[in-house]
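Data block below; observations after.
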Protein chains: 2
Amino acid sequence: MTATIRDVARLAGVAVSTVSLVVNNKGRVSKKTEEKVRQAVAQLDYHPQHSARGLVTRRSGNFGFILSTDHFSQAEPFYTKIFLGTEFEARSVDYYILLTTIERHFNSSKIPRFLLERNVDGVILVGTVPHKIVDYIAERRLPIVLVDYELPRMIHSAVLIDNADGIRQIVHHLHELGHRHMAFIGGDMKHPGMIQRCKAFQETIETTGLPFDPDLLLCDQETSNIETGYVAMEKLLSQGDRFTAVIAANDAMAVGAVRACQSRGYRVPLDFSITGFDDVESAITSRPALTTIHVPKEKMGATALRHLAGIIKGTAYEGTRVTIPVRLVKRDSTDHPRSHTLSA
Amino acid sequence: MTATIRDVARLAGVAVSTVSLVVNNKGRVSKKTEEKVRQAVAQLDYHPQHSARGLVTRRSGNFGFILSTDHFSQAEPFYTKIFLGTEFEARSVDYYILLTTIERHFNSSKIPRFLLERNVDGVILVGTVPHKIVDYIAERRLPIVLVDYELPRMIHSAVLIDNADGIRQIVHHLHELGHRHMAFIGGDMKHPGMIQRCKAFQETIETTGLPFDPDLLLCDQETSNIETGYVAMEKLLSQGDRFTAVIAANDAMAVGAVRACQSRGYRVPLDFSITGFDDVESAITSRPALTTIHVPKEKMGATALRHLAGIIKGTAYEGTRVTIPVRLVKRDSTDHPRSHTLSA
DNA sequence: TTGAAAGCGCTAACAC
DNA sequence: GTGTTAGCGCTTTCAA
């Protein structure tokens with residue numbers, strides 16, 4: 001049925017090992033034989049069989065891609081896009097991706113099958129994942145790359161967002177517009193990225209020489225979605241007019257904050273400037289479109305894959321942290337503060 | 001390192017072939033030997049190696065899952081959930097899923113690698129896909145299951161939404177509320193599901209004995225998203241007060257329609273009842289929450305996988321159409337028509 | 001009911 | 001440079 005390496009060898013009039021060498025670009029094959037082999041390969045539409053190769057090389061040719069179920073089925077395709085970047089990159093290095101989701105809580109009876117069967121050569125873990133699964137994989141000596149997540153101990157490679165720089169860009173942007181009193185609303189402080197954004201806010205405020213008001217730093221929400229953004233904004237508004245701009249920890253919270261303003265009759269950006277972070281779909285579609293920080297999601301996925309492949313090839317070191325740069329995208333949710341609102 | 005079948009055989013004191021029989025639940029092994037083998041398997045944490053098995057059985061143990069890139073990175077996790085259902089079901093039948101996306105336009109140089117390498121035993125194609133890729137796969141005699149899509153010729157298995165029944169439920173719901181003049185807005189008439197919804201609307205209106213007004217059937221939009229819903233609704237409104245309810249072809253268009261109403265100062269459902277279809281995230285989060293048709297997405301994915309596995313096992317027939325039932329979800333976007341609006 | 005052995009398609013070590 | 005050959009771990013005849 002499908003052509004095997006023997007068929008190619010026969011047609012080209014060479015040994016199977018020669019075909020193997022050509023196909024894998026290994027070793028010293030004469031231009032002439034190589035040409036013969038390549039022709040036979042093309043003619044028979046030969047493709048090496050994955051399992052046969054895997055059996056002898058003791059490599060599966062697969063990478064695992066693990067993320068939590070709720071991350072994946074989230075309305076915003078944040079993680080989907082990371083996967084897309086990974087899958088796309090995988091094609092160019094000839095790996096397959098085995099995507100699976102896990103529940104938030106580690107359950108040793110629900111270990112991904114590709115780990116049990118050792119059917120992957122490395123694993124990419126995306127977003128918040130149980131620490132135990134990371135340990136489990138590490139124990140099995142499989143290379144790991146975390147994406148948008150990190151563990152306290154710096155053993156594992158990670159692809160991270162430059163959260164601090166993003167916040168810095170936002171603060172500077174608002175500062176340039178004339179804002180002096182900015183609030184920050186965050187949530188889900190279990191995620192290291194959220195902590196970074198929150199910290200970076202305080203730091204930047206101080207290094208920029210702006211007054212820091214602890215009442216304007218609200219990070220007590222459990223999660224960071226539209227609803228919690230709404231709630232946080234309401235809290236802020238109930239404190240009175242002490243700020244002219246609100247920096248939300250992500251786009252979803254920003255959308256919620258905008259809604260809270262609007263339902264109280266405030267206008268964005270006229271009465272308050274509000275910013276997001278991540279640049280997801282809703283940053284563009286919501287009204288007003290959000291000024292936010294663009295996070296290159298596909299690029300993160302691609303970087304993770306490339307790094308993982310590098311670890312296996314021996315060209316990259318395990319335990320490296322790669323930080324992905326971000327950039328400010330100015331849209332319609334920020335403007336100069338209304339002079340009369342506050343003069344500080 | 002990892003235990004092989006020989007290790008198990010040695011520990012259990014039997015032949016490798018016996019272990020194989022036990023592990024695969026094949027054939028007549030005595031209770032006693034079976035017990036010995038199972039213990040050895042557990043003790044060594046033995047799992048058959050995918051590639052080795054694949055090599056001899058000539059089965060890859062993988063299924064391909066293909067959908068278009070834009071479907072997958074859509075804001076609403078419609079297709080993501082279908083995948084989730086597939087992946088989950090795959091675990092129970094011991095298959096791996098190889099997910100890949102393709103561009104809308106078929107490009108023979110970009111054929112998924114798992115097809116070239118014959119590294120899948122069957123393929124699930126989801127949503128609108130190029131016909132040519134279906135032909136390509138069929139030519140290679142790989143079983144195919146389409147999900148939420150169908151081709152004119154009824155050769156391939158498909159898992160479909162009961163669109164007609166969904167529309168029927170909506171019309172009846174509105175009718176019960178007292179509506180007599182309903183409009184329908186649709187888009188993307190390249191998708192067979194959209195055509196079905198549109199047709200079903202007209203049919204149901206007639207069989208219910210309601211007056212059918214062709215001006216209230218708007219299916220001329222290119223796509224079916226928030227924006228086109230908005231545009232369609234504006235067209236409708238510009239025609240004057242000839243209807244009290246609007247049935248949108250999906251939730252996104254319904255959201256757009258609601259916005260169009262609101263920006264003209266109309267209130268939903270006070271002035272107009274508006275319904276969606278699909279029951280995606282935004283049906284719940286948008287205000288008012290949409291009355292819509294719930295489509296069990298995970299179930300569709302699971303059904304597709306189960307069917308594909310069935311085809312391979314010989315317990316299901318290729319070319320079968322499975323229709324997934326849907327149900328009405330009443331929320332806040334529908335109510336009785338305002339008596340003074342129209343009495344017809 | 002169990003065991004011995006062949007061989008799936010490929011790579012890699014070793015001859016030549 | 002190229003060919004011969006021994007397995008990788010498993011399933012599957014075929015004998016016993």
Side-chain angles (χ1 to χ4, degrees), chain A residues 1-38 40-41 44-62 94 96 114 116-121 312-313, chain B residues 1-38 40-41 44-62 94 96 114 116-121 312-313:
Chain A
M1 177 88 209
T2 321
T4 75
I5 199 170
R6 299 175 73 133
D7 300 325
V8 178
R10 201 173 308 133
L11 181 62
V14 298
V16 287
S17 55
T18 309
V19 177
S20 177
L21 290 174
V22 171
V23 169
N24 297 297
N25 299 309
K26 284 188 189 169
R28 337 116 284 258
V29 182
S30 77
K31 266 266 163 280
K32 230 175 74 188
T33 11
E34 172 168 353
E35 192 44 41
K36 275 194 298 182
V37 172
R38 294 227 181 274
V41 164
L44 297 172
D45 192 29
Y46 168 73
H47 295 273
Q49 192 177 298
H50 201 72
S51 350
R53 180 182 273 176
L55 185 55
V56 53
T57 58
R58 302 158 155 290
R59 295 248 178 97
S60 66
N62 304 323
D94 276 15
Y96 286 112
F114 57 63
L116 295 173
E117 298 185 351
R118 300 200 124 265
N119 194 25
V120 292
D121 303 334
I312 284 166
K313 272 195 303 188
Chain B
M1 177 84 209
T2 322
T4 75
I5 197 170
R6 301 174 71 133
D7 301 324
V8 178
R10 202 174 306 134
L11 182 61
V14 297
V16 288
S17 52
T18 308
V19 177
S20 178
L21 290 176
V22 172
V23 169
N24 296 297
N25 299 309
K26 284 188 188 169
R28 334 118 287 254
V29 181
S30 75
K31 266 267 163 280
K32 229 176 75 187
T33 4
E34 173 169 352
E35 192 44 41
K36 274 195 299 183
V37 172
R38 294 227 182 272
V41 165
L44 296 172
D45 192 30
Y46 168 73
H47 295 271
Q49 192 177 298
H50 200 73
S51 345
R53 180 179 273 178
L55 184 56
V56 52
T57 58
R58 301 159 156 288
R59 294 248 178 98
S60 66
N62 305 322
D94 277 15
Y96 286 113
F114 58 62
L116 295 173
E117 297 185 353
R118 300 199 125 267
N119 194 26
V120 291
D121 303 334
I312 284 167
K313 271 195 304 187

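Throughout, protein chains are lettered first and strands after them, A, B, ... in sequence-line order, and every chain is numbered starting at 1. The figures here come from the full heavy-atom set of this structure, side chains too, leaving out hydrogens, waters and symmetry mates.
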Stepwise side chain to side chain contact (heavy atoms under 4.5 Å, CB included) check, A:Val23 with A:Arg53: CA-CA 12 Å; A:Val23 169; A:Arg53 180 182 273 176; 3.9 Å; yes
task: Kindly determine whether A:Glu35 and A:Lys31 satisfy salt bridge (charged side-chain N to carboxylate O under 4.0 Å, His left out), including the steps that lead there.
output: CA-CA 6 Å; A:Glu35 192 44 41; A:Lys31 266 266 163 280; over 6 Å; no
message: Checking A:Glu34 against A:Thr18 for the side chain to side chain contact (heavy atoms under 4.5 Å, CB included) test, could you report, in this order, the C-alpha distance in whole Å, the side-chain angles of both residues, the deciding distance, and whether it holds?
response: CA-CA 8 Å; A:Glu34 172 168 353; A:Thr18 309; over 6 Å; no
task: Apply side chain to side chain contact (heavy atoms under 4.5 Å, CB included) to B:Asp121 and B:Asn62, showing your working.
output: CA-CA 6 Å; B:Asp121 303 334; B:Asn62 305 322; 6.0 Å; no
message: Ignoring hydrogens and geometry beyond distance, is a side-chain donor-acceptor pair present between A:Asn119 and A:Ser60 at under 3.5 Å?
response: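 Side chains of A:Asn119 and A:Ser60: no pair found under 3.5 Å.
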- prompt: In terms of side-chain heavy atoms, does A:Ser20 have a donor or acceptor partner in A:Ser17 at a distance below 3.5 Å?
  reply: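 On atom types as modelled, these side chains do not qualify, holding no pair under 3.5 Å.
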message: Donor-acceptor pair, distance only, cut-off 3.5 Å: does the side chain of B:Asp7 make one with the backbone of B:Thr4?
response: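 Yes, B:Asp7 side chain to B:Thr4 backbone: donor-acceptor pair under 3.5 Å.
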task: Measure the angle between the two terminal helix axes of the helix from C:dT1-D:dA16 to C:dC16-D:dG1, five base pairs each, and quote it to 10°.
output: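 That helix has its two terminal axes inclined by roughly 40°.
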message: Under 4.0 Å from a heavy atom of chain B: give me the 5'-most and 3'-most nucleotides of DNA chain D that qualify.
response: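 In short, chain B contacts DNA chain D from D:dG9 to D:dT12.
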message: Please give me the minimum heavy-atom distance between B:Val37 and B:Ala12, naming the atom from each residue.
response: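 So the minimum-distance heavy-atom pair works out to CA-CB, 4.1 Å.
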message: Could you check whether A:His50 and B:Phe114 have their ring centres less than 6.0 Å apart?
response: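 Judged by ring-centre distance (under 6.0 Å), B:Phe114 and A:His50 do not meet the cut-off.
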message: I'd like to check A:Asp45 versus A:His47 (side-chain heavy atoms, cut-off strictly below 4.5 Å). Are they in contact?
response: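 Yes, side chains in contact.
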message: How would you summarise protein contacts on nucleotides 6-16 of chain C per nucleotide, using B for base, S for sugar-phosphate only and - for none, with heavy-atom distances below 4.0 Å?
response: -BBBBBB----
